[in-house]
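For the single chain, residues carry numbers from 1 onward in sequence order.
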Amino acid sequence: MIFAICLVLLGLSGLLAAIIPTYQMCVLHEQHKGWQLLMSMIAMFIFGYIGFIWLLLHRPAATLEMIVAAVFAGGGIFVWLVTKMSRQTLAKLLQTINDKDYQANHDLLTSLPNRNRFYTQLDIMLANTSNTFSCIMMDLNEFKIINDTLGHEAGDEVLKEVGKRIAYVCPPQSLSARLGGDEFAVILPNTNSQLASETALKIKQALLQDIQFDQHRLAVGVSIGIAEFPRNGSDRRSLMKSADIAMYHAKNHHTPFTIFGSPVTAK
């Protein structure tokens, strides 16, 4: 009788251990009724196991009871293994999905949001026509010289450091992105162009510090253009074009930044 009870307790332990991974799958997939059903069935099994233990305590364990006890032990362990392996498999699948989503929306060199993520966020902001926000476009000055003289490894280090500095000085609610090459952009929610100029100056000042690469100290300049929604553009194309025009104006006139349409250029 004691051996039969130990077998049932072994199976009961497996059922109890299966509750945690099953509950986790219920939380992760709350719309999937199958995991909730499994949780309910495990609870029913637990009461069944307890009832069988009570039965064994009040009658001798014959061959049939021993067989049933062994089946109960195997069943409980089986449920635990299945739920544990299912939880691990789902966790790996979710991690793979998250990794692919990250890669699709982030620049792998700088870890900043990429052009795709920038466009998505910009479209979200544009959908709210009552909202005012600013778009900053940036282009590194004479970046090609670094690639040509020191190689692409040096250029990559510069881009990574530039991305870090831009993200550091921008407000928490903003979105900083690398659009490609040496082109960066920032979306500043609830910010007009005049307020955006403060962020532009912080970016400019952050990039004034030389970037160390091997034995070289690299100085990087940046041209910055600012456009405001909806004053300087009512859709993605027109807003970014306005910011681009302002950026090239800043580059051509060697100024820290330019606000689109503004007669005053930063000194």
Quick one, [X] and [Y] - any side-chain contact, counting heavy atoms below 4.5 Å?
X	Y	value
L188	T199	yes
P230	T129	no
H106	R117	no
S197	F257	yes
M66	F3	yes
F133	L122	yes

Around atom [atom1] of [X], are there more than 12 heavy atoms of other residues, nucleotides or ligands at under 6.0 Å?
X	atom1	result
K84	NZ	no
E142	CD	no
I2	CD1	no
I50	CD1	yes
E153	CD	no

- prompt: Once the angle between the rings of Y49 and F72 is folded into 0 to 90°, is it parallel (under 30°), tilted (30 to 60°) or perpendicular (over 60°)?
  reply: parallel
So, for [X] and [Y], which heavy atoms are closest and what is the spacing to 0.1 Å?
X	Y	result
M138	V222	CB-CG2, 3.9 Å
S134	S193	OG-N, 3.4 Å
A18	T22	O-OG1, 2.6 Å
P113	S176	CD-O, 2.9 Å
L150	H216	CD2-NE2, 3.7 Å
V220	I211	CG2-CD1, 3.9 Å

In this structure, would [X] and [Y] fall into the same cluster of hydrophobic residues linked by side-chain contacts under 4.5 Å?
X	Y	answer
M39	L81	no
F184	I187	no
I5	I77	no
L38	I46	yes
F78	L7	no

Just by modelled atom types, is the [Y] backbone N or O under 3.5 Å from a matching donor or acceptor in the [X] side chain?
X	Y	answer
T258	G225	no
R178	G181	yes
T191	P189	yes
S238	S234	yes
D101	I97	no
S242	N232	yes
Q212	D214	yes

Nearest 0.5 Å please: distance from the [atom1] atom of [X] over to the [atom2] atom of [Y].
X	Y	atom1	atom2	result
L179	L112	CG	CG	10.0 Å
W80	L16	CH2	CG	13.0 Å
N141	L207	CG	CG	10.0 Å
I245	M240	CD1	CE	12.5 Å
D148	F143	CG	CZ	10.0 Å
E198	I203	CD	CD1	12.5 Å

field: Side-chain H-bond candidate by donor/acceptor type, Q95 with D99, under 3.5 Å
entry: yes
- request: Ignoring hydrogens and angles, state whether a donor on the side chain of N114 or D107 is under 3.5 Å from an acceptor on the partner side chain.
  value: no
- prompt: Just one of I145, V158, T149 clears the side-chain contact (heavy atoms from CB on, under 4.5 Å) bar with L218, so which one?
  reply: V158
- prompt: Got a salt bridge between R165 and E161, using NZ or NE/NH1/NH2 to carboxylate O under 4.0 Å?
  reply: yes
